[in-house]
Amino acid sequence: MEQIQQLLYQCIRDEARILTEKADLVSYSYDASFGSYMPEFVVQPLSTEEVASVIKLANNHKIPVYPRGQGTSLSGGPLPVRGGIVLDLSQWTSKLEIDAENMLAIVSPGVTAQAINNAALLHGLIYPPDPSSMNIATIGGNLAENSGGPKGLKYGVTKDYVIGLEVVTPEGDVIRTGGKTMKNVTGYDLTKLIVGSEGTLGVITEAILRLYPKPQATETLMAQFDDIVDAGRAISNILSAGIIPAKLEIMDRASVEAVEAYRPSGLPTNIDALILIELDGHPEAIKDEIKRVNDVCLKDNARAVQIAQTKEEAAQLWQARKLVSPAIVRLKPTKISEDATVPRSKIPEMFQRLKEIREKYNVDLVVFGHAGDGNLHPNIIADERDAEEMRRVEKAVEEIFRTAIELGGTLSGEHGIGTLKAPFMEMELGAVGVDMMKRIKQAWDPNDILNPGKIFPEPNQRFVLTND
């Protein structure tokens with residue numbers, strides 16, 4: 001340990017950025033999911049050279065390295081499950097350049113998506129990916145998990161905006177993938193391979209991101225339903241009508257009631273579900289889309305469709321949606337947040353199945369999320385101190401996963417696999433699919449030092465929701 005610490009001092013000249021005190025290590029032992037694992041060291045690099053030297057040291061001594069942003073992962077992505085070194089990239093915020101002429105942003109890994117979007121707006125541009133934690137989570141973490149958000153329906157997710165990366169490989173070499181051109185088919189697309197690989201193939205030290213022109217206008221609507229299945233049908237029919245909203249979100253009765261108890265926003269609580277819709281583009285086109293959305297919702301038994309009259313009213317509606325997560329944990333302290341995703345045509349059936357799962361296991365299941373692209377967030381609220389309840393919750397979550405896959409969906413739309421969903425990988429991909437991914441990992445990282453213990457299930461690993 002002392003030898004490694006001295007070698008780390010040679011990699012990071014500023015000793016203040018090498019943390020070894022227990023209080024500091026504990027702070028990096030957990031994320032926003034489940035489980036706690038103590039690292040031996042926490043290192044805070046501020047340059048590519050520092051990252052490369054730390055990785056070379058770790059690879060030579062076969063020490064696990066766990067890249068980390070702000071620790072907002074909901075799947076256990078940065079957890080140091082085998083000890084070793086946590087590589088905290090959240091402090092590295094030195095580069096945020098907007099190339100307005102080419103509509104690009106060039107950023108360091110610790111910069112937030114919110115900061116990128118704010119800088120882009122000064123040039124009449126936007127950075128569309130908008131995960132709920134965009135004002136906290138780092139772009140490095142967003143890239144590692146291929147984060148989404150409400151605007152994913154129309155604008156796509158993080159991978160759709162990355163055209164170039166600087167990456168430190170597991171052996172400490174520095175490579176660049178892609179570049180500043182919109183088209184690039186030179187060799188394998190290593191950029192897309194790295195994005196979403198959850199820190200298991202390389203450490204991202206710089207990213208080149210596409211920006212998009214700011215829409216001319218936006219309008220927000222809220223549709224109220226007495227049955228969440230009707231709401232799901234309306235969502236599917238809106239999209240089938242050729243309307244692609246910027247956002248199309250759903251909140252069930254439990255999530256609405258929780259928000260109104262937490263911070264009253266004037267939402268109706270005597271409904272089974274409501275959907276929030278944001279339309280953007282040319283003002284005249286939006287007028288036509290508003291009428292068509294209204295007609296679809298009413299045909300699918302909407303009780304009412306309300307159009308926000310001011311920007312402030314629209315902002316209040318979207319703020320209410322963002323408040324769901326903090327609001328529901330006031331009911332019980334433990335929140336299990338899932339992001340099972342299904343094809344759009346299966347949204348109504350998924351809602352029906354979630355109703356049945358709630359009743360079958362007698363769990364407090366709250367449904368909200370990005371319903372427009374089938375990326376639902378069925379959250380279960382529980383108390384981890386209640387062992388019997390947690391066993392029921394585990395069974396309910398497992399059935400949610402199986403249901404999503406049966407309906408042609410996926411385990412994760414945006415949270416990633418990490419440690420939490422690893423036991424279910426083969427269920428979705430099959431043994432051969434998982435084996436092909438393992439071969440890629442082995443080729444890139446022969447000593448298995450980068451974020452080991454993630455994505456791929458350990459022998460006999462089972463799904464558990466405890467912090468033991």
Side-chain angles (χ1 to χ4, degrees), residues 32 69-70 72-75 77 93 96 98 103-105 107 109-163 195-196 207-222 235 244-251 255 259 275-281 308 311 314-326 337 339 341 368-377 379 412-416:
Q70 291 282 21
T72 57
S73 172
L74 292 165
S75 62
T93 59
L96 172 47
I98 302 297
M103 297 173 60
L104 299 174
V107 299
V111 175
T112 64
Q114 184 71 66
I116 296 168
N117 191 57
N118 290 344
L121 283 169
L122 298 176
H123 299 269
L125 303 168
I126 60 172
Y127 176 64
D130 59 340
S132 296
S133 57
M134 66 183 293
N135 63 326
I136 304 170
T138 65
I139 190 65
N142 291 170
L143 292 163
E145 301 289 354
N146 189 24
S147 300
K151 289 184 180 176
L153 169 61
K154 181 173 184 177
Y155 292 102
V157 295
T158 299
K159 70 178 180 181
D160 300 311
Y161 291 86
V162 188
I163 62 171
V195 175
I208 303 172
L209 308 171
R210 293 173 52 222
L211 302 176
Y212 196 87
K214 180 184 176 183
Q216 295 181 47
T218 61
E219 294 286 351
T220 294
L221 298 81
M222 176 177 67
I235 290 165
I244 306 296
K247 303 177 187 177
L248 184 48
E249 301 283 292
I250 193 160
M251 297 168 63
S255 58
V259 167
I275 57 176
L276 298 177
I277 307 152
E278 181 176 282
L279 302 169
D280 69 1
K311 290 183 178 179
Q316 187 174 19
L317 288 173
W318 290 113
Q319 179 62 22
R321 164 62 183 86
K322 280 185 173 288
L323 288 174
V324 174
S325 286
S337 179
D339 65 328
T341 302
F368 60 97
H370 322 312
D373 54 14
N375 184 190
L376 306 178
H377 290 307
N379 279 220
S412 179
E414 59 186 9
H415 293 169

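- Between the OG1 atom in T218 and the NZ atom in K311 there is a gap of 7.0 Å [rounded to 0.5 Å].
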Problem set entry | Derivation and outcome, side-chain contact (heavy atoms from CB on, under 4.5 Å), residues D280 and Y155 | CA-CA 11 Å; D280 69 1; Y155 292 102; 2.5 Å; yes
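- Partners of Q216 under the side-chain contact (heavy atoms from CB on, under 4.5 Å) rule, at least two apart in sequence or in another chain, are H282, P283.
- Of the options V107, L209, L121, a side-chain contact (heavy atoms from CB on, under 4.5 Å) to Y127 is made by L209 and by none of the others.
- Looking at residues two or more places apart in sequence or on another chain, you find a side chain to side chain donor-acceptor pair (under 3.5 Å) between Q114 and N118.
- Minimum interatomic distance between G413 and T341 (heavy atoms only, all atoms of both residues): CA-OG1, 3.3 Å.
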Without placing hydrogens or testing angles, list every side-chain donor-acceptor pair under 3.5 Å for residues 143-152, not counting sequence neighbours.
{"residue": "N146", "atom": "OD1", "partner": "K159", "partner atom": "N", "Å": "2.9"}
{"residue": "S147", "atom": "OG", "partner": "N142", "partner atom": "ND2", "Å": "3.4"}

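- Taking every heavy atom of both residues into account, P215 and G281 meet most closely at CB-N, 4.1 Å.
- Once rounded to the nearest 0.5 Å, the distance linking CD1 of I98 with CG of L125 reads 7.5 Å.
- For the pair G416 and S75, the tightest heavy-atom approach, listed with the atom from each and the gap, is O-CB, 3.4 Å.
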Extract all donor-acceptor atom pairs below 3.5 Å that involve side chains of residues 319-326 and protein atoms in other chains or at least two apart in sequence.
{"residue": "R321", "atom": "NE", "partner": "E249", "partner atom": "OE1", "Å": "2.8"}
{"residue": "R321", "atom": "NH2", "partner": "E249", "partner atom": "OE1", "Å": "3.1"}

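- Note: E278 CD to T220 OG1 = 5.0 Å, rounded to the nearest 0.5 Å.
- With sequence neighbours excluded, the residues that form a side-chain contact (heavy atoms from CB on, under 4.5 Å) with A32 are L74.
- Listed by chain and residue number, nothing satisfies the salt bridge (charged side-chain N to carboxylate O under 4.0 Å, His left out) test with D130 (two or more places apart in sequence, or in another chain).
- Proximity of I116 to L96: side-chain heavy atoms (C-beta onward) are separated by under 4.5 Å at one or more points.
- Annotation: salt bridge (charged side-chain N to carboxylate O under 4.0 Å, His left out) contacts of D339 (sequence neighbours excluded): K421.
- Note that the CD1 atom of I250 and the CD1 atom of I277 stand 10.5 Å from one another [nearest 0.5 Å].
- Listed by chain and residue number, M103 satisfy the side-chain contact (heavy atoms from CB on, under 4.5 Å) test with P213 (two or more places apart in sequence, or in another chain).
- For T112, there are no side chain to side chain donor-acceptor pair (under 3.5 Å) partners at least two apart in sequence or on another chain.
- Listed by chain and number, the residues in a side-chain contact (heavy atoms from CB on, under 4.5 Å) with Q70 are T72, S90, I136, T138 (sequence neighbours excluded).
- For the residue pair P245 and K154, the shortest heavy atom distance occurs at O-CB, 3.3 Å.
- Every residue two or more places apart in sequence or in another chain that forms a side chain to side chain donor-acceptor pair (under 3.5 Å) with E414 is listed here: H370, H377.
- Residues passing the side chain to side chain donor-acceptor pair (under 3.5 Å) test with S255 are D252, sequence neighbours excluded.
- H415 and S337 make their closest contact through CE1-OG, 3.6 Å (heavy atoms, listed as atom of the first residue, atom of the second, distance).
- Checked against L248 for a side-chain contact (heavy atoms from CB on, under 4.5 Å), the options L279, L276, I235 give a single hit: I235.
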